[in-house]
Amino acid sequence: MISGAISNSSGIIELCGFGLVAAAARSAQLIAQHAPARVYLIGIAGSLSASCRIGSAYEFGQVRCDGIGVGVGQNHRPASELGWKHFGDIDDSLALESTSSLRLVSVCAASAAFADAHRRGNADAEDMEGYAVALACKLVHTPVVILRGISNQAGDRDHSRWQIEHSLRAAAELFLQTQRVSE
Ligand SMILES: C[C@H]1O[C@@H](n2cnc3c(N)ncnc32)[C@H](O)[C@@H]1O
């Protein structure tokens, strides 16, 4: 769907895969293959705050990793809280080159209930790849833009309520606008 909507723009469209692990490996592989001047991550996400409305798409200014550290659920303590780095001086949070103040949290397992989503704290939306793609880009000093259409309320596992197509369209439209601005 995304590729259809943005196929007329210049650039190469690739899939980063599902989840933090595949997205990190794929990003490293694709960056090595294509040496892009800029990477755009485009897809859907779940809302964690009123700043991210279902059906709309947003660019994010910060991405944080949640789920890598110690313990699960309420007992989870992320790497940064333990003083652990992901690599070099890279910790749980990555600033993105953007004027957006919206914060994305990238999780290993999506929130299964509203209470889980609530625990994520300090984020406006939840995805499963953003941090991985941003980290892969940071390692090779390649700028990255994260655009996500909000398809659902994080914690809502009833996919019949997810507005996937609509939010993907919104993300594709935001990409085209972003491209025009940077031309
Ligand atoms: C399920 C797929 O869509 C994104 N995604 C969409 N909604 C959510 C959510 N509520 N929580 C986590 N990831 C979500 C992820 O990035 C993953 O790729």
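Order of listing sets the numbers, starting from 1, for every ligand and every atom in it.
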(request) Without swapping roles, check the side chain of S47 against the backbone of S49 for a donor-acceptor pair under 3.5 Å. (result) yes
(message) Measuring only between side-chain heavy atoms, which start at C-beta, is D66 closer than 4.5 Å to V105?
(response) yes
(message) I'd like to know if E165 pairs up with R169 as an ion pair, taking the criterion as any Lys NZ or Arg NE/NH1/NH2 lying under 4.0 Å from an Asp or Glu carboxylate oxygen.
(response) yes
(message) Could you tell me if the side chain of I150 sits less than 4.5 Å from the side chain of Y58, heavy atoms only?
(response) yes
Quick one: ligand 1 N/O to protein N/O pairs below 3.5 Å?
{"unit_1": "ligand 1", "atom_1": "7 (N)", "unit_2": "G46", "atom_2": "N", "d": "3.4"}
{"unit_1": "ligand 1", "atom_1": "7 (N)", "unit_2": "N152", "atom_2": "ND2", "d": "2.9"}
{"unit_1": "ligand 1", "atom_1": "10 (N)", "unit_2": "N152", "atom_2": "OD1", "d": "2.8"}
{"unit_1": "ligand 1", "atom_1": "11 (N)", "unit_2": "E126", "atom_2": "OE2", "d": "2.6"}
{"unit_1": "ligand 1", "atom_1": "16 (O)", "unit_2": "M128", "atom_2": "N", "d": "3.0"}
{"unit_1": "ligand 1", "atom_1": "16 (O)", "unit_2": "E129", "atom_2": "OE1", "d": "2.5"}
{"unit_1": "ligand 1", "atom_1": "18 (O)", "unit_2": "E129", "atom_2": "OE1", "d": "3.2"}
{"unit_1": "ligand 1", "atom_1": "18 (O)", "unit_2": "E129", "atom_2": "OE2", "d": "2.6"}

(message) For R26, is there an ion pair with E14 - N to carboxylate O distance below 4.0 angstrom?
(response) yes
(message) Can a donor-acceptor pair be found, under 3.5 Å and without considering hydrogens, that links the side chain of S106 to the backbone of Y131?
(response) yes
